[in-house]
Amino acid sequence: IKLVPSLPPVVNGPESIEQLQCALADPVAPSVVFAMQPSQPGVDRHLLLVRVKLLQLDCCVRRKCWSFTTCGMRWVAQDEIVILLEQQSDASTENSVMDELLPPEDIFYHLLSIYEEAMNKHHVIINLGHTVTPGTFLGSTEHGGFLFFRTTFQFVQQLPLPPPPYLVGVLLQRWEIPWAKVFPLRLLLRLGAEFRYYPCPLFSVRKRKSVFGEVGHTIVNLLAAMWKNNQRTTGRDGYA
């Protein structure tokens with residue numbers, strides 16, 4: 001059922017926008033499942049699904065986050081993907097704040113693009129791999145893409161995770177993309193220091209300040225160009 005024009009169809013439970021909002025926020029209700037492709041007889045098991053829930057992460061980080069978990073990436077040889085995006089709050093009037101009630105559509109379609117890249121071009125994301133988001137993404141041109149990694153010492157008991165192997169994606173700013181290409185581990189550790197969460201946070205924050213600035217960007221951009229040229233000359237394929 002396509003309840004919201006900008007979002008993919010819902011395949012379980014809610015039959016109105018109000019029911020959808022309640023199901024997403026209800027801590028005891030199951031995750032809401034969205035279908036990223038039209039259903040086709042005989043091949044439904046190969047569809048990409050995204051399970052979404054609004055989580056209150058009380059332990060350690062104390063943030064409300066949208067949880068996006070894929071189901072079906074494995075059909076195209078891609079590890080399943082988890083993205084935790086902090087819920088956005090906007091000032092609706094001078095004295096009140098309105099919380100985001102529906103998950104942002106951009107995440108769904110970025111996950112679909114990853115699926116299509118793996119299916120059509122055989123470009124898969126691996127540990128410490130990254131993606132780039134062109135133009136405006138999540139309401140800002142400063143968002144540059146995602147860096148993907150495997151969980152290590154982070155607390156994951158509250159999260160609806162897929163069966164392993166899976167990757168967690170953290171949102172990057174545009175200044176951080178060159179670092180993701182050349183020094184992804186250093187970037188992850190720098191994000192961990194910024195948020196005081198070892199070794200790195202699992203959640204993403206929109207419109208945050210970049211952890212690396214323009215001076216470092218110029219140097220790392222040169223290294224990234226050298227790395228890209230090396231990939232071409234050696235014939236190795238990478239997904240950026």
Side-chain angles (χ1 to χ4, degrees), residues 7 21 24-27 29-32 34 50-71 73 79-90 97-111 114 125 127-133 137-140 142-162 164-177 179-180 184-212:
L7 297 182
Q21 292 171 348
L24 288 166
D26 187 346
S31 299
V32 177
F34 293 82
V50 179
R51 305 179 188 277
V52 182
K53 194 69 183 171
L54 182 60
L55 303 177
Q56 178 68 55
L57 301 180
D58 295 322
C59 177
C60 307
V61 298
R62 299 190 180 278
R63 295 171 186 261
K64 265 192 174 182
C65 293
W66 293 109
S67 166
F68 298 82
T69 304
T70 66
C71 177
M73 288 284 187
D79 290 349
E80 301 295 348
I81 290 175
V82 177
I83 292 177
L84 298 174
L85 182 68
E86 186 177 32
Q87 183 188 38
Q88 187 165 269
S89 298
D90 296 314
V97 174
M98 178 66 72
D99 286 334
E100 188 177 44
L101 298 179
L102 292 172
E105 61 188 87
D106 287 357
I107 300 295
F108 290 103
Y109 298 109
H110 191 62
L111 292 171
I114 293 172
I125 302 168
N127 186 36
L128 298 181
H130 71 283
T131 57
V132 175
T133 55
F137 185 76
L138 293 172
S140 174
E142 294 303 310
H143 297 143
F146 287 88
L147 179 58
F148 296 89
F149 57 93
R150 301 210 187 279
T151 55
T152 51
F153 299 104
Q154 296 95 337
F155 183 82
V156 298
Q157 276 69 14
Q158 289 182 280
L159 305 181
L161 299 174
Y166 61 86
L167 297 168
V168 177
V170 63
L171 182 64
L172 300 179
Q173 302 298 298
R174 293 227 172 264
W175 288 118
E176 296 164 351
I177 291 298
W179 290 85
L185 184 57
R186 179 166 184 177
L187 174 56
L188 277 184
L189 295 174
R190 182 66 184 84
L191 287 169
E194 179 71 18
F195 287 96
R196 299 187 178 185
Y197 192 97
Y198 181 82
C200 62
L202 298 177
F203 58 89
S204 297
V205 177
R206 284 170 271 194
K207 300 178 182 178
R208 62 173 173 80
K209 184 179 178 181
S210 175
V211 295
F212 291 114

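- Residues Leu55 and Ser67 share a closest heavy-atom pair of CD1-CB, 3.6 Å.
- Other residues, nucleotides and ligands place more than 12 heavy atoms under 6.0 Å from the CZ atom of Arg208.
- Judged by distance alone, the side chains of His110 and Thr133 never bring a donor and an acceptor atom under 3.5 Å apart.
- When the salt bridge (charged side-chain N to carboxylate O under 4.0 Å, His left out) test is applied to Glu194, the partners found at least two apart in sequence or on another chain are Arg190.
- Here the side chains of His143 and Gln173 are in contact, with some heavy-atom distance below 4.5 Å.
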Practice prompt. Report the C-alpha distance between Leu111 and Ile83 in whole Å, list the side-chain angles of each, state the deciding distance to 0.1 Å, and finish with yes or no for side chain to side chain contact (heavy atoms under 4.5 Å, CB included).
Written response: CA-CA 10 Å; Leu111 292 171; Ile83 292 177; 4.0 Å; yes
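- Considering only heavy atoms from C-beta on, Arg63 stays 4.5 Å or farther from Leu84 through its side chain.
- When every heavy atom of Pro30 is checked against every heavy atom of Lys53, the shortest pair comes out as O-NZ, 3.6 Å.
- The structure places CD of Glu176 at 4.0 Å from OG of Ser210, a figure rounded to the nearest 0.5 Å.
- For the pair Leu159 and Val82, the minimum side-chain heavy-atom distance is 4.5 Å or more.
- Atom CD in Glu105 sits 9.5 Å away from atom CG in Leu138 (nearest 0.5 Å).
- Leu202 CG to Gln158 CD: the interatomic distance, rounded to the nearest 0.5 Å, is 11.5 Å.
- Rounding to the nearest 0.5 Å places CG of Leu187 at 8.5 Å from CH2 of Trp179.
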Worksheet entry | Val132/Leu172 under side chain to side chain contact (heavy atoms under 4.5 Å, CB included): CA gap, chis, key distance, verdict | CA-CA 9 Å; Val132 175; Leu172 300 179; over 6 Å; no
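- Rounding to the nearest 0.5 Å places CG of Leu57 at 11.0 Å from CZ of Arg62.
- Heavy-atom minimum distance, Glu80 versus Pro162: CB-CG, 3.8 Å.
- For the pair Phe108 and Val52, the minimum side-chain heavy-atom distance is below 4.5 Å.
- Under the 4.5 Å side-chain criterion, counting only non-hydrogen atoms from C-beta, Ser31 is not in contact with Thr69.
- Residues Ser204 and Val170 come closest through the heavy atom pair OG-CA, 3.3 Å.
- Leu54 pairs by the side-chain contact (heavy atoms from CB on, under 4.5 Å) definition with Ala25, Trp66, Gln87, not counting sequence neighbours.
- Under the side-chain contact (heavy atoms from CB on, under 4.5 Å) criterion, Leu128 pairs with Phe149, Pro184, Leu185, Leu188, sequence neighbours left out.
- A 4.5 Å side-chain heavy-atom check between Pro27 and Gln56 finds every atom pair outside the cut-off.
- Legend: residues meeting salt bridge (charged side-chain N to carboxylate O under 4.0 Å, His left out) with Arg206, ordered by chain and number and at least two apart, are Glu100.
- Residues Ile81 and Phe146 form no side-chain contact, since every pair of their non-hydrogen atoms from C-beta on lies 4.5 Å or further apart.
- In this structure, CG on Leu7 lies 12.0 Å from CD1 on Ile107, to the nearest 0.5 angstrom.
- Annotation: salt bridge (charged side-chain N to carboxylate O under 4.0 Å, His left out) contacts of Glu142 (sequence neighbours excluded): none.
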Contacts under 3.5 angstrom, residues 150-157 side chains, donor-acceptor by atom type, not counting sequence neighbours:
unit_1 : atom_1 : unit_2 : atom_2 : d
Arg150 : NH1    : Asp79  : OD2    : 3.2
Arg150 : NH1    : Tyr166 : O      : 3.0
Arg150 : NH2    : Asp79  : OD2    : 2.7
Thr151 : OG1    : Tyr166 : OH     : 3.4
Thr152 : OG1    : Gln154 : OE1    : 3.3
Gln154 : OE1    : Thr152 : N      : 2.8
Gln154 : NE2    : Cys200 : O      : 3.2

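- Counting heavy atoms from C-beta on, the side chains of Thr70 and Ile114 never come closer than 4.5 Å.
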